[in-house]
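Reading through the structure tokens given below for one structure.
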Amino acid sequence: IPACIDGFADSIKPHKPYLSANEKSYFENPRVLAVVAHQDDETIGCGIFLSRFQGDKYVAFVTNGAPYRKELYPLSNIKDAERYSKTRKQEALDAVRLFGVPHENIYFIDFADQSLIYNMHAVIQRLQNLLGRIKPSVVLTHCYEGGHPDHDVTRFCAQEALKKSRIPPVLLEFPEY
């Protein structure tokens, strides 16, 4: 037997259940909070999960949908940041309605696209406040992929905000790339 695998079987411990008894109690009144960078990430990343989740559903959009620099705007006839943001928010409201998320359970944290890296402390603070208010049993967010910087920062900020929770919810991540 090669030295690298000698004793390997002895080192395998019995599988611990994924959720502790304390964590399972979260699901007595299940609440899910999707923390996403942009309007459309909830649809692409966790729309099916949200549509099938049986419990209270919340969505937090960290950016306002409008790039902070006009040269970053995609091809669009809307070049005004306020109008751009308003359009993206309305699109998001229409989309999450299809997943059964009531409008009163939607939060816009409102940082400009591509600016989250400069506002991480404020994002973490706002997410901590939101977590304290909602008290979700599950948080869905982006996984770290090294793709879009706003996705990665949103993921990092969600994780940091969760560390401060008295009883942290279960964190589930979704890929987009």
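Residue indices begin at 1 and follow the sequence shown. No experiment lies behind these values; they were computed from the predicted model shown.
- A 4.5 Å side-chain heavy-atom check between Asp150 and Val62 finds every atom pair outside the cut-off.
- The local environment of NE2 in His121 is sparse, with at most 12 non-hydrogen atoms from other residues, nucleotides or ligands closer than 6.0 Å.
- Arg31 is not listed as a side-chain neighbour of Val138, based on a closest heavy-atom distance of 4.5 Å or more.
- A distance of 7.0 Å separates CG in Asn64 from CD in Gln39, rounded to the nearest 0.5 Å.
- A 4.5 Å side-chain heavy-atom check between Pro136 and Tyr58 finds every atom pair outside the cut-off.
- One hydrophobic cluster, built from ILVMFWY side chains closer than 4.5 Å, cannot hold both Tyr144 and Phe174; they sit in different ones.
- Side chain of Thr154 to backbone of Val36: no donor-acceptor contact under 3.5 angstrom is found.
- Between Leu131 and Val139, some side-chain heavy-atom pair lies under the 4.5 Å cut-off.
- By the side-chain contact (heavy atoms from CB on, under 4.5 Å) test, Pro149 pairs with Gln114, sequence neighbours left out.
- Of the listed residues (Glu173, Glu176, Arg155), just one forms a side-chain hydrogen bond (donor to acceptor under 3.5 Å, both in side chains) with His142, and that residue is Glu176.
- Two residues are said to be in side-chain contact when any heavy atoms from C-beta on lie closer than 4.5 Å; Val101 and Ile106 meet this criterion.
- Linking ILVMFWY residues whenever their side-chain heavy atoms come closer than 4.5 Å, directly or via other members, places Ile117 and Leu127 in the same cluster.
- Rounded to the nearest 0.5 Å, atoms CD (Gln90) and CG (Asp94) are 4.5 Å apart.
- Listed here is the closest heavy atom pair of Phe61 and Asp40: CE2-N, 4.5 Å.
- Using a distance-only test at 3.5 Å, with no hydrogens or angles considered, no donor-acceptor pair links the side chain of Ser85 to the main chain of Gly65.
- Between the side chain of Lys135 and the backbone N or O of Gly132, at least one donor-acceptor pair lies under 3.5 Å.
- Thr63 and Asp113 form a side-chain donor-acceptor contact under 3.5 Å, judged by distance and modelled atom types alone.
- By the 6.0 Å contact criterion, CZ on Phe49 is enclosed, its count of non-hydrogen atoms from other residues, nucleotides or ligands being greater than 12.
- Residues forming a side chain to side chain donor-acceptor pair (under 3.5 Å) with Gln125 (at least two apart in sequence, or on another chain): none.
- A continuous path of Ile, Leu, Val, Met, Phe, Trp and Tyr side chains, each step under 4.5 Å between heavy atoms, connects Ile109 with Tyr118, placing both in one hydrophobic cluster.
- Rounding to the nearest 0.5 angstrom, the gap separating the CG atom in Leu162 from the SG atom in Cys157 is 11.0 Å.
- Annotation: cation-pi geometry not satisfied between Lys57 and Phe99 (NZ/CZ under 6.0 angstrom from ring centroid, within 45° of ring axis).
- Arg126 has no carboxylate O lying under 4.0 Å from a charged side-chain N of Asp110, or vice versa, which leaves the two without a salt bridge.
- Contact of the His38 side chain with the His148 side chain is registered, since non-hydrogen atoms from C-beta on lie closer than 4.5 Å.
- Judged by distance alone, with hydrogens and angles left aside, the side-chain atoms of Asp152 form a donor-acceptor pair with the main-chain N or O of Glu145 at under 3.5 Å.
- Atom NZ of Lys86 has 12 or fewer neighbouring heavy atoms from other residues, nucleotides or ligands inside a 6.0 Å radius.
- At least one side-chain heavy atom of Leu116 sits under 4.5 Å from a side-chain heavy atom of Val123.
- Of all non-hydrogen atoms in Ile124 and Ala161, the two that sit nearest each other are O-CB, 3.9 Å.
- Val59 and Leu172 end up in the same hydrophobic cluster when Ile, Leu, Val, Met, Phe, Trp and Tyr side chains are linked at under 4.5 Å.
- With sequence neighbours excluded, no residue forms a side chain to side chain donor-acceptor pair (under 3.5 Å) with Glu91.
- Around the CD atom of Gln54, the shell of radius 6.0 Å holds no more than 12 heavy atoms that belong to other residues, nucleotides or ligands.
- Under the 4.5 Å side-chain contact rule for hydrophobic residues, Leu50 and Leu98 do not share a cluster.
- At least one donor-acceptor pair closer than 3.5 Å links the side chain of Ser51 to the backbone N or O of Ile48.
- Residues Met120 and Phe111 are not in side-chain contact: their nearest non-hydrogen atoms beyond the backbone lie 4.5 Å or more apart.
- The shortest non-hydrogen separation linking Pro30 to Ser137 is CA-OG, 3.5 Å.
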